2 protein chains.
Amino acid sequence: MEATPSQRDIVRPPAPGSGERIVETALDQFAVHGYAATSMRDLADAVGMRAASLYNHFSSKEMLLWHICQWTIDSLSEIQQDTLGQEGSPSERLSAFTRSFAQFHATHSREALTVEHNWRTLEGAHLDTLRAYRRKFYRALVDIIEEGRAAGEFGVRDSELTALNILDLVIGIANWYRSANIEPEALGEHYARLALLLVEQRPQ
Amino acid sequence: MEATPSQRDIVRPPAPGSGERIVETALDQFAVHGYAATSMRDLADAVGMRAASLYNHFSSKEMLLWHICQWTIDSLSEIQQDTLGQEGSPSERLSAFTRSFAQFHATHSREALTVEHNWRTLEGAHLDTLRAYRRKFYRALVDIIEEGRAAGEFGVRDSELTALNILDLVIGIANWYRSANIEPEALGEHYARLALLLVEQRPQ
DNA sequence: CCTACCGATCGGTAGG
DNA sequence: CCTACCGATCGGTAGG
């Protein structure tokens, strides 16, 4: 009977749940100090393991950032689908979208902040994916505003500028929400109302 | 007659105007790649000198960032003084402030972007100064909204949330202005009008 | 998951 | 403004 490495406990496997703990800790660090200013050693210290061990979960620092970006854009794409793609008037769909979009930025401000500040540092296909996502997201918002304008529901003239305004308003939440004192639901209502104000919704 | 170092041109002095060229180039680099991702060597290459020579103009990378931050907050403080501090109704002052504030973010989007993304990496007294400036700036905006509310000009309920909304709207300009196609003056008008919309200005 | 270690690059300094 | 150089730290790998 020969001694196997596992019996001697020379090699310890990654503990279950470590991947999630790494992401959770990274979000905290990135939100406070920024992605570039957080080294893999800083992150490992905060997680409670060695820097080399992080690479059992993410093959590079960029893959960790990409993981966060991917989860975030998937979530936001789903929100967009579920609101703008539903049945209802342009007003109803725009306000449903803005409500969910704002709630997400409150409940996931760390993720939103990390993506917003650092997506430009991604490379190759990841960067391409991010760019395509952002264009699609922006376009869908412009489209619903144009639709409402064509239907006579919205009085606003510049659909593209108004879409940028709504995006900037909501994305801004991620910068200050964690030190604010308002529930995500109430915030969502406020922004849904703001969106209708910006498109100059007319009484039907 | 002995040969002096200057005759042999061993030591060349900094050329006039180099300081401004460094700042100008840095603003381009920071806006595209980010402050943390731009090394002093990258910057020196883009300027056309050696990394060591940069230190004849700025004693450290942080001092270069601080120079940009200081110029920006001085400019914005002046804008705030010249608009909110003038005579006129709260509506007039709020709209004058927002107009200038938005124009600045169009004409100086690189500076605004650099400050907004990187002021957290400043240290010690510089960080304290930035924090104090931001609080003061935010407070002045809340105050004018409250004043308009007390005077019956504004119908909005939450002055603090509305102040954040106006700030987020304008700061957002810096993210996309350089690829947009609108004059600073027209943009200023749009945002001045938006601000009055957000505070729910009542007919006087 | 660890120890040990690597080449590259960083911000910055000395000295002319 | 340059050449030459420094210690520190970076992301990442080998191997158990």
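Note that the structure is predicted; figures quoted are calculated from it, not measured. In the text below, chain A, chain B and the rest are named by the order of the sequence lines, each starting its count at 1.
B:Arg50 places its CZ atom 17 Å from the C1' atom of C:dA14, with the value rounded to the nearest Å. Taking atom CZ of residue A:Phe58 and atom C1' of nucleotide D:dT13, one finds them 19 Å apart after rounding to whole Å. Atom OH in A:Tyr55 sits about 15 Å away from atom C1' in C:dA4, given to the nearest Å. When rounded to the nearest whole Å, the span between NE2 of B:His57 and C1' of C:dT13 equals 16 Å. Between B:Asp45 atom CG and C:dT9 atom C1' the separation is 13 Å, expressed in whole Å.
Listed by first and then second residue, the ring-ring contact (aromatic ring centres under 6.0 Å, His included) pairs involving residues 172-196 of chain A amount to none (not counting sequence neighbours). Contacts classified as side chain to side chain donor-acceptor pair (under 3.5 Å) and involving residues 112-124 of chain A (residues at least two apart or in different chains) are given here: A:Glu116-A:Arg134.
For the ring pair (Phe, Tyr, Trp, His ring centres under 6.0 Å) test, residues two or more places apart in sequence or in another chain that qualify with A:Phe101 are A:Phe97, A:His105, A:Phe137. With sequence neighbours left out, A:His33 forms a ring pair (Phe, Tyr, Trp, His ring centres under 6.0 Å) with no residue at all. For A:Tyr55, the ring pair (Phe, Tyr, Trp, His ring centres under 6.0 Å) test picks out no residue, with sequence neighbours left out. For the ring pair (Phe, Tyr, Trp, His ring centres under 6.0 Å) test, residues two or more places apart in sequence or in another chain that qualify with B:His108 are B:Trp71, B:Phe104. Taking the side chain to side chain contact (heavy atoms under 4.5 Å, CB included) definition, one finds that B:Ala51 meets it with B:Arg41, B:Ala44, sequence neighbours left out. Residues passing the side chain to side chain contact (heavy atoms under 4.5 Å, CB included) test with A:Glu160, sequence neighbours excluded: A:Tyr138, A:Arg139, A:Val142, A:Asp158. The side chain to side chain contact (heavy atoms under 4.5 Å, CB included) test applied to A:Glu92 returns A:Ser89, not counting sequence neighbours.
The stretch residues 59-71 of chain B touches DNA chain C through B:Ser60, B:Lys61, each having a heavy atom within less than 4.0 Å of the strand. Residues from residues 16-43 of chain B that place a heavy atom under 4.0 Å from any atom of DNA chain D, listed by number: B:Ser18.
Looking only at side-chain heavy atoms (C-beta outward), A:Gln103 and A:Leu187 stay at 4.5 Å or farther from each other.
For B:Met49, the side-chain atoms get nearest to D:dC1 when compared with the rest of D:dC1, C:dG11, D:dA14.
Looking at which nucleotide of DNA chain D each of B:Gly48 and A:Asn56 is closest to, the 5′-most match is held by B:Gly48.
Going from atom CG of A:Asn165 over to atom CD1 of B:Ile173 covers 8.0 Å, rounded to the nearest 0.5 Å.
Taken together, the paired segments of DNA chain C that extend over three or more consecutive Watson-Crick or G-U pairs, each closer than 3.5 Å at both contacts, are C:1-16 with D:1-16.
Counting any heavy atom pair closer than 4.0 Å across all strands shown, A:Ala52 reaches a base atom.
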